[in-house]
Structure formats: structure tokens, C-alpha cells
Amino acid sequence: MRKAMLRQIIDYSSRADPYPLYEELRRTPLFHDADGPYLVSTYHEILGLLHDPRISSDPRNLTLPSSDPLAEDEGDDSALPPVFLKLDPPDHDRLRRITNRPFGPPHSPHRIHGMRGELEGIVTGLIDGIAGSDSLDRIDLVDQFSYPFPVTVICRLLGVPREDESRFHGWADTIAASLDPDPDADPAQQHKGASDAQMELGMYLAGLIEERRNNPGEDMLSQLAAVTEAPDGSMSTLEVISTAALLLIAGHETTVNLITNGMLTLLRHPDVLQRLREYPDLSVPIVEELLRYEPPVQMLPRRSTLADIEMGGVNIPKGATVSLILASGNRDPKRFENPDRFDPDRGDIQHLGLGSGIHSCFGAPLARLEAQQALSELARRLENPRLLEDPPPYRQNAVLRGPRHLPIACDGIRTA
């Protein structure tokens, strides 16, 4: 059974509750079978590796065996250059700094804070739309709220037309699924599907970028395309396309899960939901505890070692493949007291839900703000909300884990 642990985690039957498997995995903090990746499942060991320069995020350094259930063709035949998420320093640092100039401090310190009013308006409009729907007896919170909210936000931030969502939705799903391939599928076919989706999305974004160069606006696409004089230089057109694709996909995929996992957890803990209804500022610690308790990114697969690394008396050799099981580390009893209890009153919630180190989540400030506003308004406006299916149907993806649908009902919706 231990030898098949990673395959069990990936198996869809574990999607609704992978945490018993993580508990078993933590008995061997560094687990490895004969030909699979090294699985790191405990908090301090994961945190250490996230800050270790001997761990590479560049897939070109991988040597995955065919028996690895996460194996896929990681060839370098993509039409686009790697995104900074899949690069090591110094290339990673240069691209991330350039991308951060129009997004946050020190160059754009008020970018996210300045979006508060806009986010409030989007949330209000979506909840009003639910109130005006045919029935409150069955609401799909994913389709009617959790998905359209972050998609609308990232489209406005980047300058992507919201009406084009139907075009990029399929490409985004295919690319996101490539993080978490079906272990029984053909890796070459999966790689081709992801590469085709990247090319289609890249061609779409290339057209938008060219349009912004001719008619620049205040959006991030315009600013990234226009950067010419900066300490780190400018991005090539292909680098701008790759970065825009990353921001578009990552800017909504994880936040959809964070909001949906959050509402599911609150509905399972009605006492906390009632407290949030009465005290909206409680949304801040609630979101932090959610990022620990039900993180939207469960694991970081496909890291590789650039040198031998000794951990707990075990040597991880140079060239090995490593998977960091973030969600397991977040439930490590050696780090968190009563880790399987949802408790927003924890005094110390330094979780791994948004990563750590140089690859910590680029959009973390925006994701936090979106989730805080979404959950506080849903708690305030939905009257007597309740789950219709528990567990709800989950997405296939084990890495980006969250419900595909969240059917709920409520007695009414308070006015804004």
C-alpha cells in the first residue's frame, strides 16, 4: 500500500477527503519507493526545501521515470518560453521583478488596495444575480459565483475582454489539468493537448498585446508590453505572452477553489459562519485558516534536486524528483495543535497554503482580498444557507483541488 501512496492520492476516490492519506504519509516524512518521486509531507521539511536553492522548479531538470504516476513529457518543444513559475534564478527573478512592477510594491503599492471598491461591486452584482434567478432551492455556488468572480477580476486587471471567457476557459482547463495528469493516460497525448492549448491561448494573447501596444490603457497587459527602460530591461514579446497566460490562469484557478472550499467549510461549521455574519472583519483570519485547513493548491509536484540533499538521515540524490505535499504539511501535528480542527482563532497560522520562498504565490494579496470579500458578503446576504450535497462533486484535479459544483439552498437573500 505504501508503494502506491501517490497513486492513491491522485485517484479520484480520494478527492473529497485526502487527509487520512496525508496522515499516513507523514509517518514517513520522506517517502520514496524504488522508482517514484520523493514525497515530502511534513511542515518543517517542506518549508526548508521551499527555501533551498538546491531544489529546482525548472522542468528541464527533471528525469521522471515512466512508472511515476505524475510523469508526462516535459519536453522543450513548447511554442512559448517557460513562465517564471517554472524557472530558477536568475531568470526567475528577472521576470518576476518585471511582472511585479505594475502589480504591487514598490512600484505600484496601491494596485490591489485600490481595487476594493471594484471587487465589492462585482460581488454585489453576482449575489444580486443569484437573488434574481428562478429558484433559491438549488444554487450552484461555483457556476454562479466562485468561478465568475475571480475570472471577472483577473480579466479587468489584465485587460482581457470578459466576454472572451468562453474562448480561454477550455484552454485554461487543459493547461491546469497538465499539472495533474491521469496516471493511466498517454503522457505524449496529454503533453500534446497542453501544448496545443498553450499555443491557442498564446495566439489569442498575442493579438491583445499587439492591440495594447497600439492603444495602451491602464491594464497590466499594456504596462507589461510597454516596459522598455527598467533595471531588469524589458520582456520579449514571447515572454510577455507566457507571463500573461500564467497570470490569466493562475489568477482565477486557485481563487475559485479558495472561495468554494471556504464556503463549503463554513457551511460545515455554522457557528463560524454565524460569527462571520456578525463580524465581517473575521474574514481575515478565516481566510488564513482556510489556506491552512483546505488549501487550493494541495501539492507542488515535479521539483528536482540540483545536488545531493540530506534530510532526516536520508539522502536525496542529485537529479531526483521531489513532490512537496503542502496540504499534508498544513495538517502536521508537530507544527499545529489539533491540525484537523478548523479554528480561525489560532494565534499562529503560518501555513504553506500560498507556498513560501521565491516561488510563493505571486497573486497572494489579490487572492486573499477576493476571498475575504466573497465570504463575508455571502455570509451576510444568504439567509439560512445549507448544503444540498456533502461531499459535493469535486474537480478531477488533485493538485488544484476543489469542488466542481457546490449545490446549496437558502431561504432568501438580503438586499445589498
Side-chain angles (χ1 to χ4, degrees), residues 5-6 9-10 25-26 28-78 80-100 178-181 187 191 194 232-233 235-236 238-239 242-243 246 250 297-329 332 352 354-362 399:
M5 177 62 72
L6 185 55
I9 293 171
I10 295 170
L25 188 59
R26 285 193 298 271
T28 308
L30 181 62
F31 173 73
H32 181 239
D33 62 41
D35 55 2
Y38 287 80
L39 305 182
V40 186
S41 58
T42 47
Y43 180 91
H44 294 291
E45 286 70 22
I46 293 172
L47 185 63
L49 291 179
L50 286 171
H51 290 262
D52 196 323
R54 296 172 296 177
I55 290 288
S56 172
S57 296
D58 192 331
R60 293 170 294 189
N61 292 321
L62 285 170
T63 53
L64 291 175
S66 59
S67 59
D68 182 350
L70 285 173
E72 69 169 301
D73 183 356
E74 289 281 2
D76 58 1
D77 58 341
S78 173
L80 297 176
V83 296
F84 61 78
L85 190 68
K86 293 186 175 183
L87 289 173
D88 300 329
D91 294 330
H92 163 274
D93 300 346
R94 178 183 72 87
L95 291 174
R96 182 160 176 148
R97 282 194 298 263
I98 294 173
T99 307
N100 199 59
S178 70
L179 294 172
D180 187 52
H191 178 69
D232 295 295
M235 291 185 187
S236 68
L238 288 179
E239 286 174 336
S242 284
T243 300
L246 169 66
V297 180
Q298 294 272 295
M299 67 185 81
L300 299 177
R302 305 191 188 101
R303 299 299 190 262
S304 55
T305 51
L306 301 177
D308 289 0
I309 298 177
E310 190 278 331
M311 177 176 289
V314 177
N315 181 65
I316 308 177
K318 177 182 178 180
T321 301
V322 178
S323 292
L324 307 177
I325 315 299
L326 303 180
S328 175
D332 187 347
L352 303 170
L354 295 171
S356 188
I358 64 169
H359 288 293
S360 60
C361 177
F362 180 84
V399 174

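- Taken to the nearest 0.5 Å, the OG atom of S323 stands 8.0 Å off from the CD1 atom of I10.
- With sequence neighbours left out, S304 forms a side-chain hydrogen bond (donor to acceptor under 3.5 Å, both in side chains) with no residue at all.
- A distance of 4.0 Å separates CG in L326 from CG in L300, rounded to the nearest 0.5 Å.
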*Assess whether side chain to side chain contact (heavy atoms under 4.5 Å, CB included) is satisfied between M311 and V40, documenting all intermediate values.*
CA-CA 10 Å; M311 177 176 289; V40 186; 4.3 Å; yes

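- Between K86 and V83, the closest side-chain pair of non-hydrogen atoms falls below 4.5 Å.
- For P317, the side-chain contact (heavy atoms from CB on, under 4.5 Å) criterion is met by Y38, D308, N315, A320, not counting sequence neighbours.
- Partners of R94 according to the side-chain hydrogen bond (donor to acceptor under 3.5 Å, both in side chains) rule, which considers only residues two or more places apart in sequence or in another chain, are E239.
- The backbone N or O of L25 sits nowhere less than 3.5 Å from a side-chain atom of T28 that would complete a donor-acceptor pair.
- With sequence neighbours excluded, the residues that form a side-chain contact (heavy atoms from CB on, under 4.5 Å) with A250 are L246.
- Note that CG of D93 is 11.0 Å distant from CD1 of I98, once rounded to the nearest 0.5 Å.
- With R303 contributing its side chain and L49 its backbone, the two residues share no donor-acceptor pair below 3.5 Å.
- Between the side chain of D88 and the backbone N or O of S57 there is at least one donor-acceptor pair closer than 3.5 Å.
- Taking the side chain as every heavy atom from C-beta outward, H359 and L50 never approach each other to under 4.5 Å.
- Of the inter-residue distances, the one linking T243 atom OG1 with L238 atom CG reads 10.5 Å to the nearest 0.5 angstrom.
- The backbone N or O of G329 sits nowhere less than 3.5 Å from a side-chain atom of T42 that would complete a donor-acceptor pair.
- Sorted by first and then second residue, the pairs that involve residues 37-53 and meet salt bridge (charged side-chain N to carboxylate O under 4.0 Å, His left out), not counting sequence neighbours, are D52-R54.
- Listed by chain and number, the residues in a ring-ring contact (aromatic ring centres under 6.0 Å, His included) with F362 are F84, F103 (sequence neighbours excluded).
- Atom CG of L30 and atom CD1 of I316 lie 4.5 Å apart (nearest 0.5 Å).
- Residues satisfying the side-chain hydrogen bond (donor to acceptor under 3.5 Å, both in side chains) test with D58, not counting sequence neighbours, are R60.
- Screening residues 39-60 for ring pair (Phe, Tyr, Trp, His ring centres under 6.0 Å), with sequence neighbours left out, gives Y43-F336.
- Applying the side-chain hydrogen bond (donor to acceptor under 3.5 Å, both in side chains) criterion to S328, with sequence neighbours excluded, gives R26.
- Tested against M299 for a side-chain contact (heavy atoms from CB on, under 4.5 Å), the candidates L324, I325, L39, I46 yield a single pass: I325.
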